[in-house]
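The structure appears below as structure tokens.
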Amino acid sequence: MKKGDHLFLVDGSGYIFRAYHALPPLTRKSDGLPVGAVSGFCNMLWKLLREARDTSVRDTPTHFAVIFDYSAHTFRKQIYPDYKANRSAPPEDLIPQFGLIRQATKAFNLPCIEKDGYEADDLIATYARQAEAVGAEVTIISSDKDLMQLVTPLVTMYDSMKDKQIRIPDVIEKWGVPPEKMIDLQAMTGDSTDNVPGIPGIGPKTAAQLLEEFGDLDTLLARASEIKQQKRRENIIQYAEQARISRQLVTLKTDTPVDVGIEDFSLEPQNGPRLVAFLKAMEFNALTRRAAEATGVDASEIEPANVIIQAVAEAHGPDLDISNEDDLPKPPAPVTANVPSPKTANGNIQATPADLVKSRTDQALSAKIDRSSYATIRDVAALQVWIDEAMASGVIAFDTETTSADPMQTEVVGLSLATRPGRAAYIPINHVSGDGDLLGGGLVAHQIPEREVFRMLKPLLEDASVLKIAHSMKYEWLVMHRYGIDLHPLDDTMLISYVLDAGEGSHSMDSLCDRWLGHKPLAYKDLIGSGKSSVTFDKVSIERATEYAAEDADVTLRLWRLLKPRLVADGLMSVYERLERPLIPVLARMEERGISVDRQILSRLSGDLAQSAAAIEEDIYRLAGEKINIGSPKQMGDILFGKMGLPGGSKTKTGQWSTSAQLLEDLAAEGHELPRKIVDWRQLTKLKSTYTDALPGYINPRTKRVHTSYAMAATSTGRLSSSEPNLQNIPIRTSEGRKIRTAFIAEPGNKLISADYSQIELRVLAHVAEIPQLTQAFADGIDIHAMTASEMFGVPVKDMPSEVRRRAKAINFGIIYGISAFGLANQLSIPREEAGQYIRTYFDRFPGIKDYMEATKAFARQHGYVETIFGRRAHYPEIRSSNPTHRAFNERAAINAPIQGSAADIIRRAMVRMEPALNEAKLSARMLLQVHDELIFETSDEEVEATIPVIRHVMENAAMPAVSLSVPLHVDARAAHNWDEAH
DNA sequence: GTCCGACCGTA
DNA sequence: TTACGGTCGGACG
């Protein structure tokens, strides 16, 4: 950029709100999508750009950019937490337009600029000053008074709605001060819309008058005592500091670290087909016609762009403050039946989100996948083409091929991306020749160097305006993070499927591809082989890798186009946006941090366990009279019930003797020696093989810590699961088992903090079933099981026998599990009739429970699913089964799911909020583990005291404000050097 | 080598 | 009586 050039900067975010309120509402005819602001925006851009080609008009742009707010979390919030705190969520019918306007910007072939942590105004200020510095002219398309401080002889504002220029004299006329004094003026007057406080009692007129008299704010504050009016003087003195803070808030940042420079804003020619496709999709007929004409495109030959989905997809962060609860798009009301629905090209009626889903589903099945069409990217020039294309499309599907399933150990072999269905490519990076001699073949030729690939991809993968989609994004995030890339923003087809269809089968890409696209993708196993003869992916030929990897990206993109609109259609967008998507980076960081495990402690425990087990083995062989495999339930059953003839039920559907711990305990209680020994032996060997022997193998050689993996889409209820290793089943119930927890330790100078919800599921039950006695008991903080026992058996809580309380506790848990007389009888080792009587008594005392259970079953039968208090669904397609046992099982699960699932949702919410809360409190605690109702943190000794209240606060308030529970949540938290003592 | 059932650790 | 994952033995190929 040089002297004489002219930069146009459009305040995109300012425009959206202004246009929304100023223009009449407009909806797309075919489906009611609100597009008023989009329409105004497109017309404005069209006008500005048309004049750009008209050489008779003097003020025409040579450079052009549209600037947006990224999120409400800006540096101003750090200075003043209440900044913009009074902003309510944007109107519902404005929300889809945020994404659309960004797409419109791209359709017009204009740079679309936003930056996390900064407001559009700061970016505008920075670019304006940069352009001015080289002598170029600047026109800011906005009428916002906050930008008026930027006006200079070279920098003008333009109010596009009033078609009015704003220059220095215009500012003076309107505000009584020149642009350079606008900052001080705003600091005094404050701004109620942004919640900038200012000085009470001082409006623009007074402020201008004071600035006229004193020159500037600092002078005024220093000489405030000279002011004659008593009230005004007092206010200025009292609120001097507030005015200084306000000045910081209204001062635009002219040194924002920008990712895109002004030289990149040079005005490019229109891309006619792309612009027409977008306008056509918006159904802006007049503008479509004009654009087609001006760019020499035959509009009838252009397919409308796919924008609805992107509108939904791009409601991911920009302009939305995710900390508010009510800012997510809800499914638009269906068009009423008497409104004729226009038909789309393929004949489908497309009037509601559901209809869109239907047509997408049909399309997906008919659009065939052609693996031979995929590209292999082998040089920098080709890669640049794909990056440009990806940048322009704003949405890419993405997949990495790696050497290991463990993201903490793996190396990238190649990377695939898809920009639209059928358009996908593979970038080989680290393929080696397969004919490995001892030296290993070495890198295959014609691969772009790894460093170069990541250097080129980083801006794309971190670009806020390009949505990255993957199937199982957490894995991709972790892999990319190892290469220094902060992958965002994200969408995950596995999680979308999980939110939509939890309980309806697997969410793996292969099964979704089969289910939705009617296609079987290449099997991973067919490429790498299996077992001993299997190879790592870097040995796969680049040709086959291209077909496989690009197909995965292609399939991911197709699934996304199909599944994402269902979130809106089914009213599940907020579940996805609140409980799934934001958790991806949170869990990824937890996995990345890992936890320290003391090898020596485990090794010593292994030795102890081996010794104890060996001693018992001797006894068992002696009692059994022969040397058998104690670990074989089959052999053990034959000895106990065959050879020795002990009484016991056969059980197990395979006809084997059952040798469960419960059964052996009962036999032991009757005085038999062998069963007792077997139970003890099993406990010891279980602890040894599953924990003390196995855990050291999970210590990562690089980090020296253990990194579990959390599955986000594995359970039907919304719980996480943990594997490799499973850190959600580390022993605690027996003293022997607990010792294993002493091996989980904090780094020197640090502590582990364990914070767990007390009785969260019973509290959820009290809330959802509206049980007055339970609610009251939780409000009073009394022992819930004792209260239950007292209600049921008429025993006073004081001096209650422990057996009575134990039974009530078992019943309480039974209720949560969808109780049956059979199960309760088993649990308490009592006759089924007695258990049945307990249940009847319970239902008598708490009739709301019975009602809740019946209502839940009825709901499940009617809908095929049940819901948590946050709207998460768990599907039970077999709840109408004609098999009574099977049906009863589904009913119990359906009763349990809303309770277990709501608790799971609550802790997910807490986890999403935890890092921002700790950051805000300037605490360095790291969240390491989640165990369903417990969170484990690691932090320095000095910060422990300050950290615990923050953790508790976040956890105890996690349901708010979406759900106001009728019972308080209570969290116990403790710190210690190891997990055993912290819990 | 792969799969399944029994068993058992957690919430 | 709910929800998981890991280890083992044993049967299958």
Side-chain angles (χ1 to χ4, degrees), chain A residues 502-503 525 529-534 628-637 651-664 678-679 682-691 693-695 697-698 708-711 714-734 736-738 740-741 756-762 765 810-828 832 835-836 838-839 853 866 874 876 888-901 903-904 907 929-934 983:
Chain A
K525 277 229 168 84
S530 67
K532 235 182 203 166
S533 59
S534 72
I628 43 108
N629 189 342
I630 311 167
S632 164
K634 186 179 180 314
Q635 293 181 33
M636 220 52 245
K651 296 281 192 81
T652 79
K653 49 197 161 189
T654 55
Q656 292 299 321
W657 294 110
S658 169
T659 64
S660 70
Q662 176 65 63
L663 203 150
L664 296 182
I678 298 170
V679 169
R682 277 191 187 160
Q683 198 209 352
L684 299 173
T685 53
K686 168 90 176 177
L687 294 176
K688 184 168 183 292
S689 66
T690 308
Y691 302 104
D693 286 354
L695 278 172
Y698 286 103
T708 185
S709 174
Y710 289 103
T715 71
S716 53
T717 55
R719 273 193 178 180
L720 302 175
S721 76
S722 155
S723 64
E724 292 180 288
N726 181 354
L727 295 186
Q728 289 178 327
N729 72 344
I730 302 303
I732 191 167
R733 287 177 196 187
T734 65
E736 281 303 304
R738 283 186 81 108
I740 292 163
R741 293 198 169 215
D756 68 299
Y757 284 108
S758 158
Q759 310 280 15
I760 189 167
E761 293 191 351
L762 275 177
L765 174 70
I811 296 166
N812 275 334
F813 276 100
I815 294 296
I816 292 170
Y817 297 154
I819 202 154
S820 77
F822 180 83
L824 184 64
N826 256 344
Q827 178 68 27
L828 288 176
R832 197 173 331 168
Y838 280 179
I839 295 169
M853 289 180 153
V866 290
Y876 293 94
F889 173 77
N890 276 276
E891 288 174 351
R892 289 194 299 272
I895 288 168
N896 172 252
I899 304 168
Q900 188 185 114
I907 198 166
L929 303 178
Q930 190 250 39
V931 192
H932 307 307
D933 66 358
E934 175 188 14
H983 187 82

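Below, chain A is the first sequence line, B the second, and so on; all start at residue 1. Scope of the values below: all heavy atoms of this structure, side chains included, with no hydrogens, waters or symmetry mates.
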Given B:dG9, C:dA3, C:dG9, the nucleotide with the shortest approach to the side chain of A:T715: C:dA3

Nearest listed nucleotide, side chain of A:R682, among B:dA11, C:dT2, B:dC7: B:dC7

Touch class at under 4.0 angstrom, heavy-atom based, for A:I732 against every strand present: sugar-phosphate

Distance-only donor-acceptor test, A:N726 side-chain atoms vs C:dG5 base atoms, 3.5 Å: no

Among C:dG9, B:dT10, B:dG9, the nucleotide that comes nearest once only the side chain of A:R741 is considered: B:dT10

Distance below 4.0 Å between A:S721 side-chain N/O and C:dG5 OP1 or OP2: yes

Presence of A:N729 side-chain N/O under 4.0 Å of B:dA11 phosphate oxygens OP1/OP2: no

Residue-phosphate contact under 4.0 Å: A:S658 side-chain N/O, B:dC7 OP1/OP2: yes

A:T659 side-chain N/O to B:dC7 phosphate OP1/OP2 under 4.0 Å: yes

Audit row: A:R682, A:L664, side-chain contact (heavy atoms from CB on, under 4.5 Å) steps and yes/no: CA-CA 11 Å; A:R682 277 191 187 160; A:L664 296 182; 3.8 Å; yes

Rounded distance in Å - CD1 (A:I811) to C1' (C:dT2): 17 Å

N or O in side chain of A:R733 less than 4.0 angstrom from B:dG9 OP1/OP2: no

Closest to side chain of A:K686, choosing from C:dG6, C:dG10, C:dT2: C:dG6

A:R892 side-chain N/O to C:dT2 phosphate OP1/OP2 under 4.0 Å: yes

Phosphate OP1/OP2 of C:dG10: any A:Q635 side-chain N/O under 4.0 Å: yes

Residue A:T690, side-chain heavy atoms: nucleotide from C:dC4, B:dC7, C:dT7 that is nearest: C:dT7

CA sep, side-chain torsions, deciding dist, call: A:D933, A:Q759, side-chain contact (heavy atoms from CB on, under 4.5 Å): CA-CA 9 Å; A:D933 66 358; A:Q759 310 280 15; over 6 Å; no

Presence of A:S689 side-chain N/O under 4.0 Å of C:dT7 phosphate oxygens OP1/OP2: no

Phosphate contact (C:dT7 OP1 or OP2) by A:T685 side-chain N/O below 4.0 Å: no

Length of the line joining A:M636:CE and B:dC8:P, which is rounded to integer Å: 13 Å

N or O in side chain of A:S530 less than 4.0 angstrom from B:dG1 OP1/OP2: no

Interatomic distance, A:E934 CD vs B:dA11 C1' [rounded to whole Å]: 10 Å

pi-stack flag for A:Y817 and C:dT1, centroid dist under 5.5 Å, interplanar under 30°: no

